[in-house]
Structures are given as C-alpha cells and as structure tokens.
Amino acid sequence: VVSGSAQTAVVGQAFASPLVVLLQDGYGNPAANSDVTFSVPSVGATAVVPATVKTDAFGRAEAAASAGTVAGGYNVTASATGVATSVSFALTNVAGPAAVATADASSTPQSTRVTTAFVNPLRVRITDAFDNPVANATVAFTVPASDPTAVLSAASGVTDLTGTTAVQATASSGAGSYEVHAAFPGARADQAATFSLTNTAQGANVLSLVSGGSQTTTATTAFSQPVVLQVRDAFGNPVAGAMVEASVPASGPSAIVTRS
C-alpha cells in the first residue's frame, strides 16, 4: 500500500484520496501495465471501487473509491495474478446528516392516569437518508402548552451510537389525548417523530348535579327533564364508566327512578 488506507468518508460520497498500491517483480522492479484487482465486501459497509486497474510505468495502480450507503468499517483488498500476498486498505463509512426521526414502537401509543408516569420512555431514533443511525444528534421534544399534556424529564436529548435518545414522560392533571413531537435541528414536520399519548382520569371523587333539579310534576307522571349528574376525579376530569346509585324516600312523597 502506497497511500489511501485509514480513510473515512460520509456514506454515498467519495473518499478524499485514491487507493494507491505498488506492484513489483521479484527483484523489486516496478511491474508496469499489470492488472491489479480491487475486492470489496459484498454486504454491509462497503465501497464502490473499480474492479481492475492497470499499473502505470512506475508500477502503481490508483483507484478512486466512494463510500457505499451502509455505515461501518471494512477492508478493500488489492491483489495481482502471480503475487502470493494481497494488501488491504482500511476504510470507514460514517453516517450522513440527520434525515429522519422515528418513534420507537414501545413508546407510542401509550396511556396512563393523570399525574402518573407513562410506563415506557419516549424513545426516538435518528437516521440519515440511508437509514444509518446518527450519533451525537440533538433531539428536541415538544409537548402541548396546555392540558392535556405531559411533563418531560428533559426538553432535549443527545443520541447514542445507536442513534437513540429517550425522555421519561409524566401525564399532567388534565385528561385527554395529545401528541408529543421529537425533532432534530432543521427538521421538517414530515421528518419529526410523533408520540400519541392519552391521560386518563383517576377514580371518581366528586358527584355534581348538572341539570334536572327543582322540578315539579303531577303525581304518577314523569318529570319534564331527566336528572343529569356528572362524576369527576380529584382534578375535575370527567370519569367514564362510573356507577351512580340513586336513592329515593321509602315512604311519603317519592319517585320512581330509571336509568336513561
């Protein structure tokens, strides 16, 4: 190897320097006009390199190389017919700029009772245009400004080597469904990740009369309006599915109550 080893390039882009190998005969003389074969990995991280290059008058074969679309380290091997040993160039493809934010399937959708933590953290993965993980990317998490919303353990995070970062979310005191968004700097709306969250009400705490009180009717006839009651939790959220029992006097003026 003359030069070109230990290089790094962004996926899909050319390496800065060509891969240069020197071919000599058994006496150390340059082997001109000889074929040098360059071999690259067939899967995973690899490069685009000419399969065969002729040596020049000085016995040198020079091949331009471009990084493939998969990030990672690998070797490009150069060999020649009649030469027992081959030589290798150590190359590395690195991920391109952040292009897509994807919410982890375990993070969305989720639901929890108001003021309690969601079971799974909000985990997002940042990848480049070729789906390679992007490390050290800053990700900002955005929640609704008013209820229903969530309180996050941090407003932003930095991705690790797997392109992943996460924050813990705790439901606010307001019940309802909403979205939390995660995006890297400069991301368009279609490049951001979306988490669908729902805050559910706590147990029944308050029973209040909505309408139908203070009515009068003739004996044995129905009142004109139903009695409407509402059940709420300690934070004022309506509680669905709560059982409400109605009690009427056992004797004297009374009423027959049916559920509507």
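- Looking only at atom types and distance, the side chain of Q215 has a donor-acceptor partner in the side chain of S224 under 3.5 Å away.
- We find the CG-CG distance between N29 and L23 to be 11.5 Å, quoted to the nearest 0.5 Å.
- A side-chain donor-acceptor contact under 3.5 Å links Q202 and T115.
- F130 is connected to V10 through a chain of hydrophobic side-chain contacts under 4.5 Å among Ile, Leu, Val, Met, Phe, Trp and Tyr, so both are in one cluster.
- Of all the heavy atoms in A193 and A103, the pair that sits closest is CB-N, 3.6 Å.
- Rounding to the nearest 0.5 Å places OG of S107 at 6.0 Å from CG of N120.
- Scanning both residues, R113 and A171, for their nearest heavy atoms gives O-CB, 3.6 Å.
- Residues L161 and V134 fall into different hydrophobic clusters, defined by Ile, Leu, Val, Met, Phe, Trp and Tyr side chains chained together at heavy-atom separations under 4.5 Å.
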Requested in this report: Apply side chain to side chain contact (heavy atoms under 4.5 Å, CB included) to the pair V139 and T159, showing each step before the final yes or no.
Outcome: CA-CA 8 Å; V139 180; T159 57; 4.1 Å; yes
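- Between the N75 side chain and the T77 main chain, no donor and acceptor come within less than 3.5 Å of each other.
- Using modelled atom types, one finds a donor on one side chain and an acceptor on the other under 3.5 Å when comparing D147 with S172.
- Proximity of F15 to N93: side-chain heavy atoms (C-beta onward) are separated by under 4.5 Å at one or more points.
- Of the possible donor and acceptor atoms, one in the side chain of S153 sits under 3.5 Å from a partner among the backbone N and O of Q168.
- Atom-to-atom distance recorded for F118:CZ and S111:OG is 7.5 Å, nearest 0.5 angstrom.
- The shortest distance between side-chain heavy atoms of L197 and V180 falls below 4.5 Å.
- Grouping the Ile, Leu, Val, Met, Phe, Trp and Tyr side chains by contacts below 4.5 angstrom, directly or via other members, places V1 with V36.
- Nearest heavy-atom pair across A71 and A95 is CB-N, 4.0 Å.
- Partners of S17 by side-chain contact (heavy atoms from CB on, under 4.5 Å), not counting sequence neighbours, listed by chain and number: Q7.
- You'll find the side chain of F195 stays beyond 4.5 Å of the side chain of Q110, heavy atoms only.
- Here the OG-CG distance, from S5 to L91, works out to 6.5 Å after rounding to the nearest 0.5 Å.
- At a threshold of 4.5 Å between non-hydrogen side-chain atoms, the residues Q24 and P30 do not count as touching.
- A search for salt bridge (charged side-chain N to carboxylate O under 4.0 Å, His left out) contacts involving D56 returns nothing, not counting sequence neighbours.
- Transitive grouping of hydrophobic side chains (ILVMFWY, heavy atoms separated by less than 4.5 Å) keeps V94 and V70 in distinct clusters.
- We find the CD-CD1 distance between Q191 and I126 to be 10.0 Å, quoted to the nearest 0.5 Å.
- Under a 3.5 Å cut-off, the side chain of T170 and the backbone N or O of T116 do not form any donor-acceptor pair.
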Requested in this report: Report the C-alpha distance between T164 and R123 in whole Å, list the side-chain angles of each, state the deciding distance to 0.1 Å, and finish with yes or no for side chain to side chain contact (heavy atoms under 4.5 Å, CB included).
Outcome: CA-CA 7 Å; T164 302; R123 191 175 306 279; 3.3 Å; yes
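- Heavy atoms only, all atoms of each residue included: P133 and G163 are closest at CB-N, 3.8 Å.
- Residue A175 comes nearest to N237 through the heavy atom pair N-OD1, 2.9 Å, listed as atom of the first residue, atom of the second, then distance.
- Counting only heavy atoms from C-beta outward, the side chains of V11 and N132 approach each other to under 4.5 Å.
- The backbone N or O of P41 sits less than 3.5 Å from a side-chain atom of T46, completing a donor-acceptor pair.
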Report task. Would you sort out whether L122 and V167 count as a side chain to side chain contact (heavy atoms under 4.5 Å, CB included), showing the intermediate values? Result -> CA-CA 5 Å; L122 308 187; V167 296; 4.2 Å; yes
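- A salt bridge does not link D104 with R125: none of the charged nitrogens is closer than 4.0 Å to a carboxylate oxygen.
- For F223, the CZ atom is densely surrounded, since the number of other residues' heavy atoms within 6.0 Å is greater than 12.
- When all heavy atoms of V124 and A101 are compared, the closest pair comes out as CG2-CB, 4.0 Å.
- Counting heavy atoms from C-beta on, the side chains of Q230 and R232 come closer than 4.5 Å.
- Placement of L209 and V231 within a single hydrophobic cluster is found when ILVMFWY residues are connected by side-chain heavy-atom separations under 4.5 Å, directly or transitively.
- No side-chain donor-acceptor contact under 3.5 Å links S196 to the backbone of T108.
- Put simply, the side chain of T200 does not reach to within 4.5 Å of the side chain of T112, judged on heavy atoms.
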Requested in this report: Kindly indicate, with the supporting measurements, whether the criterion side chain to side chain contact (heavy atoms under 4.5 Å, CB included) is fulfilled by Y178 and N199.
Outcome: CA-CA 8 Å; Y178 55 99; N199 304 347; 2.8 Å; yes
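- With rounding to the nearest 0.5 Å, the separation of OG1 in T165 from CZ in F184 is 14.5 Å.
- Residues T142 and H181 bring no donor and acceptor atom of their side chains to less than 3.5 Å of each other.
- Side chains of S177 and T198: a donor-acceptor N/O pair is present below 3.5 angstrom, by distance only.
- Relative orientation of the F38 and F89 rings is tilted, given thresholds of 30° and 60° on the angle between their planes.
- Counting only heavy atoms from C-beta outward, the side chains of V210 and L229 never approach each other to under 4.5 Å.
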